[in-house]
Amino acid sequence: MISETFPILTTERLHLRQIQDSDAPALFSYFSKDEVTLYFDLPTFQHLDEAYELVKTWQKNFLKKETIRWAICLKNNPDQLIGSCGFHNFSSEHFRAEIGYELHPDFWQQGIMTEAISAIISFGFDSYKLNRIEAFIDPDNLASRRLLEKMDLVSEGILHDYFFEKGRFVDGEIFALLKKNYSQPTSFRQIV
């Protein structure tokens, strides 16, 4: 499903590109904030090395064709990462993948993640030929719930004690969008 060449996507305001080692300080700037990691499956970062390790993990998993994670940048500043989004847990056999995302709090409530997720959903259905796009959230994460519902993903239920994160079991609510129900093609352009 994942191609050899990393696809660069642009939208009205955004430039979505491959995450680079030089993005680690920007990644650390928000992964070191408790409000960002509250519902994330990683602990709040304490050291810059943790951001470099996450970048390396995403890069390795792309080369293994297991994950694609875009750096979210503003079009007028394509070198400055402000968040990331992408697909993981691909199932080629079943034509599905899971989305994940996060954004620096300075950019919350500006429609940036809506624009980014809309672009990658379109890309996933069109270029990766996905039939199903899924997302897992903590049921208490109201911001993610609103985002997914805005993107027409539908809750399929809560899986109790589904994840073990940060030393405790947590519920996971699964959302999904099927290609046959997709009606929000977005305007994005693929550069590569």
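Just so you know, these numbers use all the heavy atoms, side chains as well, and skip hydrogens, waters and symmetry mates.
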statement: Closest heavy-atom pair, Glu98 versus Ala135, reported as atoms and distance to 0.1 Å, is CG-CA, 4.2 Å
message: Between Ile117 and Lys150, is there a side-chain heavy-atom distance shorter than 4.5 Å?
response: no
- prompt: Between Glu102 and Arg69, does at least one N-O distance fall below 4.0 Å, as a salt bridge requires?
  reply: yes
ILVMFWY network linking Val36 to Leu42, side-chain heavy atoms under 4.5 angstrom: yes
- prompt: Are any of the side-chain heavy atoms of Tyr39 and Ser144 separated by less than 4.5 Å?
  reply: no
Atom pair CD/CZ of Glu134 and Phe87 - distance to nearest 0.5 Å: 11.5 Å
- line: Nearest heavy-atom approach of Lys33 to Pro105 is CD-CG, 3.8 Å
- prompt: Would you say Met151 and Leu142 are hydrophobically clustered, going by side-chain heavy atoms of ILVMFWY under 4.5 Å?
  reply: no
Distance, nearest 0.5 Å, that separates CG of Asp152 from CD1 of Ile121: 8.5 Å
message: Tell me if a side-chain donor or acceptor on Lys65 pairs with a main-chain N or O of Phe62 at a distance below 3.5 Å.
response: no
field: Tyr182 vs Leu130 side-chain heavy atoms within contact, under 4.5 Å
entry: no
message: Quick check on Tyr52: does its OH atom have over 12 non-hydrogen neighbours (other residues, nucleotides or ligands) under 6.0 Å away?
response: yes
Polar side-chain atom of Gln80 near backbone of Asn76 as donor-acceptor pair, under 3.5 Å: no
query: Is it true that a side-chain atom of His47 and a backbone atom of Asp49 form a donor plus acceptor pair closer than 3.5 Å?
result: no
Separation between CG of Leu54 and OG of Ser84, rounded to the nearest 0.5 Å: 7.5 Å
message: With a 3.5 Å distance limit and no angle check, can you tell me whether Ser29 reaches the backbone of Ala26 through a side-chain donor-acceptor pair?
response: yes
- line: In this structure, SG of Cys73 is separated from CD1 of Ile19 (nearest 0.5 Å) by 8.5 Å
message: Name the residue from Leu81, Leu103, Ile82 that meets the side-chain contact (heavy atoms from CB on, under 4.5 Å) definition with Tyr30.
response: Leu81
- request: Determine, for Arg17 against Asp23, whether the closest basic-nitrogen to carboxylate-oxygen distance falls under 4.0 angstrom.
  value: yes
statement: All heavy atoms of Ile72 vs all of Ala116, minimum pair found to be CD1-CB, 3.9 Å
- line: When rounded to the nearest 0.5 Å, the distance separating CD of Glu66 from CG of Asn89 is 9.5 Å
- request: Side-chain contact test, heavy atoms from C-beta onward, threshold under 4.5 Å: evaluate it for Glu115 versus Glu12 and give yes or no.
  value: yes
query: Does Arg13 reach the main-chain N or O of Leu74 with its side chain, forming a donor-acceptor pair under 3.5 Å?
result: no
query: Looking only at heavy atoms, which two atoms of Phe40 and Glu165 are closest? And how far apart?
result: O-OE1, 4.2 Å
message: Are Leu178 and Phe175 linked, directly or through intermediate hydrophobic residues, by side-chain heavy-atom contacts shorter than 4.5 Å (ILVMFWY only)?
response: no
- request: Tell me whether Met113 is reachable from Trp108 by hopping between hydrophobic residues (I, L, V, M, F, W, Y) whose side-chain heavy atoms are closer than 4.5 Å.
  value: yes
- prompt: Any link between Leu16 and Phe6 through a network of hydrophobic side chains (Ile, Leu, Val, Met, Phe, Trp, Tyr) touching at under 4.5 Å?
  reply: yes
message: Minimum heavy-atom separation for Phe28 and Gln46, please, with both atom names.
response: CE1-C, 3.8 Å
field: Note, Tyr101 side chain near Leu148 side chain (heavy atom, < 4.5 Å)
entry: yes
field: Distance-minimising heavy-atom pair for Asp106 and Gln110
entry: O-NE2, 3.0 Å
Heavy-atom neighbours of Gln109 CD exceed 12 at 6.0 Å: no
- line: In this structure, CZ of Arg96 is separated from CZ of Phe90 (nearest 0.5 Å) by 12.5 Å
task: Report the relative orientation of the aromatic rings in Phe31 and Phe45; use parallel for angles under 30°, tilted for 30 to 60°, perpendicular for over 60°.
output: parallel
task: May I ask you to decide if Asp171's main-chain N or O and Asp161's side chain share a donor-acceptor pair within less than 3.5 Å?
output: no
task: Check whether any side-chain heavy atom of Thr11 sits under 4.5 Å from a side-chain heavy atom of Ser118, and report yes or no.
output: no
- prompt: Taking only residues at least two apart or on different chains, which pairs with a member in residues 131-162 satisfy ring-ring contact (aromatic ring centres under 6.0 Å, His included)?
  reply: Phe136-Tyr162, Phe136-Phe163
message: I'd like to know if the side chain of Trp58 and the backbone of Gln18 have a donor-acceptor N/O pair within less than 3.5 Å.
response: no
